[in-house]
Amino acid sequence: MKKMGKTTPFKEQILQRKKKLEALVEKYGYPYPNDFKPEVALKSIRDKFEALSGKEIEKKKVKFRVAGRVMAIRLFGKAAFAVIKDSTSTIQLFFQKNELGDKYSEFKKLIDIGDIIGAEGILFKTKTGELTVNVEDFRILVKSLRPLPEKWHGLSDVEVRYRQRYVDLIVNDSVREIFKTRAKIIKLIRGFLDDRGFMEVETPMMHSIPGGAKARPFTTHHNALDMDLYLRIAPELYLKRLVVGGFERVYELNRNFRNEGISTQHNPEFTMIEFYQTYATFENLMDLTEELITYLLKEIKGDLKITYLDKELDFTPPWERMTLRDAIVKYAGVPENKLFDEDFLRNKLRQYEIDTTMLTTAGELQTTIFEEFVEEQLINPTFVTHFPVEVSPLARRNLKDPSVTDRFELYIYGREIANAFSELNDPHDQLERFKMQLEDRERGDEEVPPEIDYDYVRALEYGLPPTAGEGIGIDRLVMLLTNQSSIREVILFPLLRRKKEEEWG
RNA sequence: GGGCCGCUAGCUCAGCUGGUAGAGCAGCAGACUCUUAAUCUGCGGGGCGCAGGUUCGAAUCCUGCGCGGCUCACCA
């Protein structure tokens, strides 16, 4: 690799292929034709003819023009089989010297695995019952200059799989399937919400004040306006402005950006859906969430009981609902009469060497205990409700107990999948909470927005109808539905460190 | 950021307690008109992530660095 300097610019196999490309130039001129139009997707041939017998197919004498990437070649002396693949399926091609005459040697000498070819011929079934096109004419549409990974083991080096996802997709069918499923899930979610009168909107990705969540943002700069901007950490505040504007059911399904650690659960850019529904409460959204996710399970998995990694998950409704305080009593062993005993809570955390210096209230201590001891135990889908006010700056206070909010988070396999609440629409309370947050920032919490979004408060002053809103992490949901343990397996191009050009292989 | 593991031919891998790199697939040449990881014969290809060190001798040991994976920390 390092020696790819002037002496050996290309490896042996690439050179071989370049020679073949030159032969094509000599024969046809420009070797990248674009006038070949395949008439069918390969899957449609299989769908129509797979079930028929060889004799029935031969009687029909159907001719097809097909195109795809050559995935395998099995060469005999004067005949050969090749398998081509398109986005839908594969089909076998049969090349015979009898049929093709001189052109047979073009196949034999110039076609490599990886090339994209177009072919035309009559469909038949081989002795072994394989649906095959008996090629009458063909054309190399694109000469592939680089050898593909091995046919049997495929490509398994994760680094190469992520950096050169195109190769991963060519070679690993299971990877293709994951991303097809991802697309299907997203489509189903859109359909589900569209059917219920929601409108999809697009709000800014570049914010002058990062808000709507607690996270470190990416910063950027607009030259003409000479203005610093942040990539959004959440669309929440803009979506609620739209609700103020009169769009009563809106959603946005798109990227958020958070400048934080990378892990099997975190990618700096990730996909989230947020939706807002007026005249609904967080309780209505629990029902809706249950409906949505069971709908996805039925469509994608065909079952409400699934295996995810090492565990069996049961999505049969109704899902368990419990308050955060009940959860820490039940799962973290906090006695009910100690729930508000800050010293007790703090000591419990300290026993496990958890830093409590940033935690100044019972609510924050309760939340941390929940995160540290309870989350991981919530395997089957569980709604945890009534988060403390201090950790819910945008959520409506509970009328009976103003120390908590009308909020829930959905946990599955110990992971937060959704976060929702009845929206805080009291502009005065909202401003007070923003001010409280700013104090946290002054105490060193860099995840709090650097300044108050007064325009958002102003919007509330015009009147936000009673509304409930929710965010669902799409990547994590896709992980569940495709049984993947790493978020990078469900993101086409996960962020990786840059590699130097000399290291191109 | 810490810990552990990995990086050897285009790909998948082997290479023992240091002795100067090997297999399968892919490639090239040849045989073969029903194969399905086709088969058979022959051939070429890498100096072992990078940089140092120890040693008569390093892919193997040591140090540093790079990239990646897992994990802990971090994470509304």
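Lettering of chains follows the sequences in order, A, B, ..., and the numbering in each one begins at 1.
Summary of the strand contacts: Phe95(A) and Leu75(A) both lie near RNA chain B, and taking for each the nucleotide with the nearest heavy atom, the more 5' one is attributed to Phe95(A).
Rounding to whole angstrom units, CD1 of residue Ile122(A) and P of C34(B) are separated by 21 Å. As a whole-Å value, the separation of Ile57(A) CD1 from C34(B) P is 20 Å. Here the C1' atom of nucleotide G30(B) and the NZ atom of Lys108(A) are 9 Å apart, to the nearest Å. The CG atom of Asp112(A) sits 11 Å away from the C1' atom of C28(B) (whole-angstrom rounding). For Lys85(A) and U36(B), the NZ to C1' distance is 15 Å, given to the nearest whole Å. Separating the NE2 atom of His153(A) from the C1' atom of A9(B) is a distance of 16 Å, rounded to the nearest angstrom. Going from atom NZ of Lys127(A) over to atom P of C34(B) covers 6 Å, rounded to whole Å. Rounded to an integer number of Å, the gap from NZ of Lys125(A) to P of U36(B) is 18 Å.
Distances shorter than 4.0 Å separate some side-chain N or O of Lys11(A) from OP1 or OP2 on G10(B). Of the side-chain N and O atoms in Thr128(A), none sit less than 4.0 angstrom from OP1 or OP2 of U35(B). Distances shorter than 4.0 Å separate none of the side-chain N or O atoms of Arg74(A) from OP1 or OP2 on U35(B).
The aromatic rings of Phe107(A) and Phe95(A) lie parallel to each other, their planes meeting at an angle below 30°, with 60° marking the opposite boundary.
Using atom C1' as the reference point in both C72(B) and G53(B), the two lie 32 Å apart (nearest Å). If you take atom C1' in A59(B) and the same atom in G49(B), they sit 12 Å apart, rounded to whole Å. With C1' as the reference atom, U63(B) and A58(B) are 15 Å apart, rounded to whole Å. Look at the P atom in both G57(B) and G18(B): the space between them is 15 Å, to the nearest Å. A distance of about 15 Å separates the P atoms of C11(B) and G46(B), rounded to the whole Å. With P as the reference atom, G3(B) and C65(B) are 11 Å apart, rounded to whole Å. Rounded to a whole angstrom, the distance from the P atom of G27(B) to that of G69(B) is 31 Å. Taking atom P in both A51(B) and C70(B), one finds a spacing of 28 Å when rounded to whole Å.
Distance alone, capped at 3.5 Å, places no donor-acceptor pair between the Lys85(A) side chain and the Ile91(A) backbone.
We find that the ring of Phe81(A) and the base of U35(B) stack, their centres lying under 5.5 angstrom apart and their planes tilted less than 30°.
Counting distance only, with no hydrogens placed and no angle test, the side-chain atoms of Glu150(A) and the base atoms of A26(B) include no donor-acceptor pair under 3.5 Å. Residue-to-nucleotide contacts include no donor-acceptor pair under 3.5 Å from the side chain of Glu130(A) to the base of U35(B). At a cut-off of 3.5 angstrom, the base of G44(B) holds at least one donor-acceptor pair with the side chain of Glu12(A).
Judged purely by distance below 3.5 Å, without hydrogens or angles, the side chains of Glu252(A) and Thr203(A) pair a donor atom with an acceptor atom. Side chains of Ser53(A) and Glu56(A): a donor on one and an acceptor on the other come within 3.5 Å. In summary, the side chains of Asn267(A) and Arg488(A) do not present any donor paired with an acceptor at a separation below 3.5 Å, with no hydrogens or angles considered. In summary, the side chains of Arg397(A) and Thr405(A) do not present any donor paired with an acceptor at a separation below 3.5 Å, with no hydrogens or angles considered.
Lys109(A) comes within 4.0 angstrom of no nucleic acid atom, judged by non-hydrogen atoms across all strands. Note on Lys151(A): only backbone sugar-phosphate atoms sit closer than 4.0 angstrom, heavy atoms only; bases stay farther off. Residue Thr126(A) is classed as a base contact, given a heavy-atom separation below 4.0 Å to a base.
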Original post:
With the sugar-phosphate defined as primed atoms, P, OP1 and OP2, and the base as all remaining atoms, what B/S/- string results for nucleotides 68-76 of chain B, 5' to 3', for protein heavy atoms under 4.0 Å?
Top reply: SSSS---BB

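Cation-pi geometry between Arg407(A) and Phe387(A) is met: under 6.0 angstrom from the ring centre, within 45 degrees of the axis. Cation-pi geometry between Lys103(A) and Phe138(A) is satisfied (NZ or CZ under 6.0 Å from the ring centre, within 45° of the ring normal). A cation-pi arrangement is absent between Arg415(A) and Tyr413(A) under the rule of less than 6.0 angstrom and at most 45 degrees off the ring axis.
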Subject >> Intra- and inter-strand pairs of RNA chain B in dot-bracket (Watson-Crick or G-U wobble, both distances under 3.5 Å; | for another strand) >> reply: (((((((..((((.....[..)))).(((((.......))))).....(((((..]....))))))))))))....

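Here G47(B) is in the syn range [glycosidic angle within 90° of 0].
When each of Ile122(A), Thr132(A), Val133(A) is tested with Phe94(A) by the rule side-chain contact (heavy atoms from CB on, under 4.5 Å), just one qualifies, namely Thr132(A).
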**OP:** Given side chain to side chain contact (heavy atoms under 4.5 Å, CB included), test Val160(A) with Val158(A) step by step and report yes or no.
**Re:** CA-CA 5 Å; Val160(A) 180; Val158(A) 261; over 6 Å; no

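When each of C28(B), U12(B), C32(B) is scored by its nearest atom to the side-chain atoms of Gln16(A), the top-ranked nucleotide is C28(B).
Residues His386(A) and Phe282(A) bring their aromatic ring centres within 6.0 Å.
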